[in-house]
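Here's the structure we're looking at; comments come further down.
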Number of protein chains: 2
Amino acid sequence: MTGKEKVQYEAKARILKALAHPVRLWMAEQLAGGERCVCEFVDVLDLDFSTVSKHLSVLKQAGIVADDKRGKQVFYSLRVPCILNFMHCVEEVIQNNSARQAELAK
Amino acid sequence: MTGKEKVQYEAKARILKALAHPVRLWMAEQLAGGERCVCEFVDVLDLDFSTVSKHLSVLKQAGIVADDKRGKQVFYSLRVPCILNFMHCVEEVIQNNSARQAELAK
DNA sequence: TATACATTTGGCTATATTGCCAAATATAAA
DNA sequence: TTTATATTTGGCAATATAGCCAAATGTATA
């Protein structure tokens, strides 16, 4: 792995890492259905307001979501919908894993 | 987020997390070109043998790669090539981020 | 059998992440 | 202007991750 490659893969990994948390992943998928304000997530997520805000901040830093302040609220939206295509693949991995588990159990 | 959803998103996040490291991401892409033994990665990666082995173990646990012991060597291969499709999207995020940075700098 | 080679495992330290609380900030309403 | 609401920020403790070393395991070769 060359020095240039290293930098590139660190950048890619940063983006994956931003998505690699159950709450952030769920939020990203929710945003595919349209923008949401922080409070809407807090209502559903049984997490501290500050925790939700920080998760969204991680997604924002990574460039995955955009924020838009309107009045007292901040609305977040998905900047890169292609993110979601990947989820099919992740689900495929999970299914393969289950199938293999079942095979081993036989 | 319901209890069932929570479990599902934890599973998805585990898979993303396995990929969310520059070395593991790079190795996964390398494996798209065909199987490699641990020592081949060690030669290129300036990391301890045990570190490389553990990274591959993380990918294996996640179901992303398969291992095959032949003689003294263990060969790893990519179980789920669709993983790589996602990289285009990640690169798109990176490009958007650069473009936005450039716009802000103006 | 003894030895060398390829890999994994256990253990340790350093660092990063998560989530809560309290405090700060910003904006609208009274 | 005071107050309430929405959000962010700073800081802390608990937990997870990364990478090294040393030791254990498994397999081929001498």
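Heavy-atom basis, side chains included; hydrogens, waters and symmetry copies ignored. Numbered from 1 within each chain, the chains take letters A, B, ... in sequence-line order.
If you measure from atom CE of B:Met1 to atom P of C:dG19, you get 10 Å, rounded to the nearest angstrom. When rounded to the nearest whole Å, the span between CZ of B:Phe41 and P of C:dT8 equals 12 Å. For the pair A:Phe49 CZ and C:dT25 C1', the computed distance is 13 Å after rounding to whole Å. Going from atom CZ of A:Arg70 over to atom C1' of C:dA26 covers 16 Å, rounded to whole Å. With rounding to whole Å, A:Asp46 atom CG is found 18 Å from C:dT18 atom P. When the C1' atom of D:dA6 is taken as reference, atom CG of A:Asp48 falls 13 Å away, rounded to whole Å. Remark: P of C:dA6 and NZ of B:Lys69 are 12 Å apart, rounded to the nearest angstrom. Following rounding to the nearest Å, A:Phe75 (CZ) and D:dA6 (P) show an atom-to-atom distance of 11 Å.
Within the nucleic acid shown, A:Tyr76 comes within 4.0 Å of sugar-phosphate atoms alone, with no base atom in reach, counting heavy atoms only. Using a 4.0 Å heavy-atom criterion, one finds that B:Ser50 contacts the bases of the nucleic acid, with or without backbone contacts as well.
The two residues B:Leu45 and B:Met27 have their closest heavy-atom pair at CD1-SD, 4.0 Å. For the residue pair A:Val93 and B:Gly63, the shortest heavy atom distance occurs at CG1-O, 4.0 Å. Here the closest non-hydrogen pair linking A:Leu47 and A:Val42 is O-CG1, 4.0 Å. Across all non-hydrogen atoms, the minimal contact from A:Val23 to B:Met1 is CG2-CE, 4.2 Å. Taking all atoms of both residues into account, the shortest heavy-atom contact from A:His21 to B:Ala13 is C-CB, 3.7 Å.
In the helix from C:dT1-D:dA30 to C:dA30-D:dT1, the rotation axis of the first five pairs and that of the last five pairs differ in direction by 10°, rounded to 10 degrees.
Rounding to the nearest 0.5 Å gives a distance of 9.0 Å between CD1 of B:Ile83 and CG of A:Leu16.
Among C:dG11, D:dG19, D:dT7, the nucleotide with an atom closest to any side-chain atom of A:Ser53 is D:dT7. For A:Cys39, taking side-chain heavy atoms from C-beta onward, the closest of the listed nucleotides C:dC20, D:dT8, D:dT7 is D:dT7.
Judged by closest nucleotide on DNA chain D, A:Lys72 is the one of A:Lys72 and A:Thr51 placed further toward the 5' end.
Proximity of B:His55 to the phosphate of D:dG19: a side-chain N or O atom is located under 4.0 Å from OP1 or OP2.
Sorted by residue number, the members of residues 10-37 of chain A with any non-hydrogen atom under 4.0 Å from DNA chain C read A:Lys17, A:His21, A:Arg24.
With a 4.5 Å cut-off on side-chain heavy atoms, A:Leu84 and A:Leu78 count as touching.
Between B:Phe86 and A:Phe86, the two ring planes are parallel [angle under 30°; tilted spans 30° to 60°].
Environment of CG in A:Asp43: crowded, with over 12 heavy atoms of neighbouring residues, nucleotides or ligands closer than 6.0 Å.
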